[in-house]
Amino acid sequence: MMASIRRWKRSLNLLNLLLGVLLVYPEGGVALELLPSASEVLLNSNSNFTVVCSGWSRVTWRLPQDHQLNGVFVDSQGSSSLLKFVNVTWRNSGRYTCEEEASTQSRDINVFIPGQDPDEWFVPVGPGVVMKEAEEGTIPCVVSDPRLNVSLLERPGRMPVDGLTYEPGRGFTGRLNDTSYMCSAARGAEERQSQVYYVFSVIVPEVMEVDLSVSSSVLKQGEVLTVNCTVKDTHMVFFSWDFPRRQEIEPLTDFLPNRIRSFVNITAATVADSGVYVCTVQETKEDRKVEKNITVTVLGWYTTDTQQTHNTDTQQKHNRQ
Ligand SMILES: *[C@@H]1O[C@H](CO)[C@@H](O)[C@H](O)[C@H]1NC(C)=O
Ligand SMILES: *[C@@H]1O[C@H](CO)[C@@H](O)[C@H](O)[C@H]1NC(C)=O
Ligand SMILES: *[C@@H]1O[C@H](CO)[C@@H](O)[C@H](O)[C@H]1NC(C)=O
Ligand SMILES: *[C@@H]1O[C@H](CO)[C@@H](O)[C@H](O)[C@H]1NC(C)=O
Ligand SMILES: *[C@@H]1O[C@H](CO)[C@@H](O)[C@H](O)[C@H]1NC(C)=O
Ligand SMILES: *[C@@H]1O[C@H](CO)[C@@H](O)[C@H](O)[C@H]1NC(C)=O
Ligand SMILES: *[C@@H]1O[C@H](CO)[C@@H](O)[C@H](O)[C@H]1NC(C)=O
């Protein structure tokens, strides 16, 4: 039941994805449209600005701050969404992202309202705690003026850190250590330091998603029996199988976009194919292993006779071992 719901959901996602791809790329063009179509705008304090995002299904704006600031308005109506700034201040600077849920497409616009005073250089966009789930993370020291020279310092000691990518509307992105950092911005001889950012690694146990499905768990002799063992978004994996006619039938492996499928294809099932199908998936990189099983029943035409033959077959196999 769960598996079938998951499969159904996945099909739905795939359908959405396909629809998204078909609709969003009518001529292989760009997905979402921004008007004005700029990735960066520089505004004067107290001015107004409006940008419209249009897609093919529901779109909405993600703001740089967790909460909506004064002077920023979002008006979403179906496949278009309006982002309006009224009487802007340096605090409204940052990256605004238009997202289309169905197609998982997004477009960014970096809005800067340069602050005059050095106190108005670093834009407060959130707490000074960076939870990173992978090796890479982002120190969100966003500035109101993209022309500032910004550098990253590791604390304590204020050691300059090189090799990370800086985007004024986002911050420094790259491999971070579990320590604390701060940013420094300079314009000519003037310099200002940001707040302190504390980096913590959060360990998220990655689960390997294995789906074992069968064309039909109860079938008649002569019908096609297919058992799929599918792993999603994975690195290299090994499949191992156990099922009644394992010695005679070799499972096949198929590499599909974002998943790997190992499957057993039996053209004409016999009663001897009744039993438990066990698929074990082992990841080669990390030492993770997931085992799933499913029970198949093949109904014979001459139930008693065939059952007997089957039993004898199994007996013989046992004797041989
Ligand atoms: C910005 O919009 C507000 C409200 O609509 C208006 O009162 C103000 O005059 C506008 N400012 C500019 C600079 O156009
Ligand atoms: C715009 O903001 C300034 C101060 O930031 C304020 O004095 C002015 O009245 C505001 N104008 C409007 C149209 O809201
Ligand atoms: C992380 O720590 C290593 C070893 O101390 C150092 O070489 C590296 O520069 C640090 N990276 C960052 C981004 O702080
Ligand atoms: C930023 O740094 C570069 C090189 O160090 C320098 O040429 C440039 O003038 C600086 N810009 C500002 C705004 O301080
Ligand atoms: C097995 O996977 C293939 C390819 O994704 C699919 O066409 C087929 O319907 C699947 N069969 C079952 C029983 O899930
Ligand atoms: C499974 O077996 C059927 C019947 O022999 C065949 O038509 C089909 O192509 C096979 N499927 C795969 C994916 O090998
Ligand atoms: C099949 O899976 C169930 C639940 O995951 C488990 O309890 C059972 O032992 C498994 N059977 C075999 C034959 O692996």
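No hydrogens, no waters, no symmetry mates; every other heavy atom, side chains included, goes into these values. First listed ligand is number 1; within each ligand, the first listed atom is number 1.
Shown here are the salt bridge (Lys or Arg N to Asp or Glu O under 4.0 Å) partners of D119, two or more places apart in sequence or in another chain: R192. For the side-chain contact (heavy atoms from CB on, under 4.5 Å) test, residues two or more places apart in sequence or in another chain that qualify with P146 are E40, L42, F112, P168.
The hydrophobic side chain of L256 is isolated, with no ILVMFWY side chain under 4.5 Å apart from it.
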Walk me through it: do S201 and D178 pass the test side chain to side chain donor-acceptor pair (under 3.5 Å)? CA-CA 6 Å; S201 287; D178 278 31; 2.7 Å; yes
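Relative ring orientation between F172 and Y166 is described as tilted, the plane-to-plane angle lying within the 30° to 60° band.
Heavy-atom distances between E291 and ligand 7 reach below 4.0 Å in at least one pair.
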Tabulated below should be the N or O atoms of ligand 2 paired with protein N or O atoms at under 3.5 Å; can you produce that?
unit_1	atom_1	unit_2	atom_2	d
ligand 2	2 (O)	N46	ND2	3.3
ligand 2	2 (O)	N87	OD1	3.3
ligand 2	2 (O)	N87	ND2	2.3
ligand 2	11 (N)	N87	ND2	2.7
ligand 2	14 (O)	N87	ND2	3.1

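Side-chain contact of S106 with E100: a donor-acceptor pair under 3.5 Å is absent, judged by distance alone.
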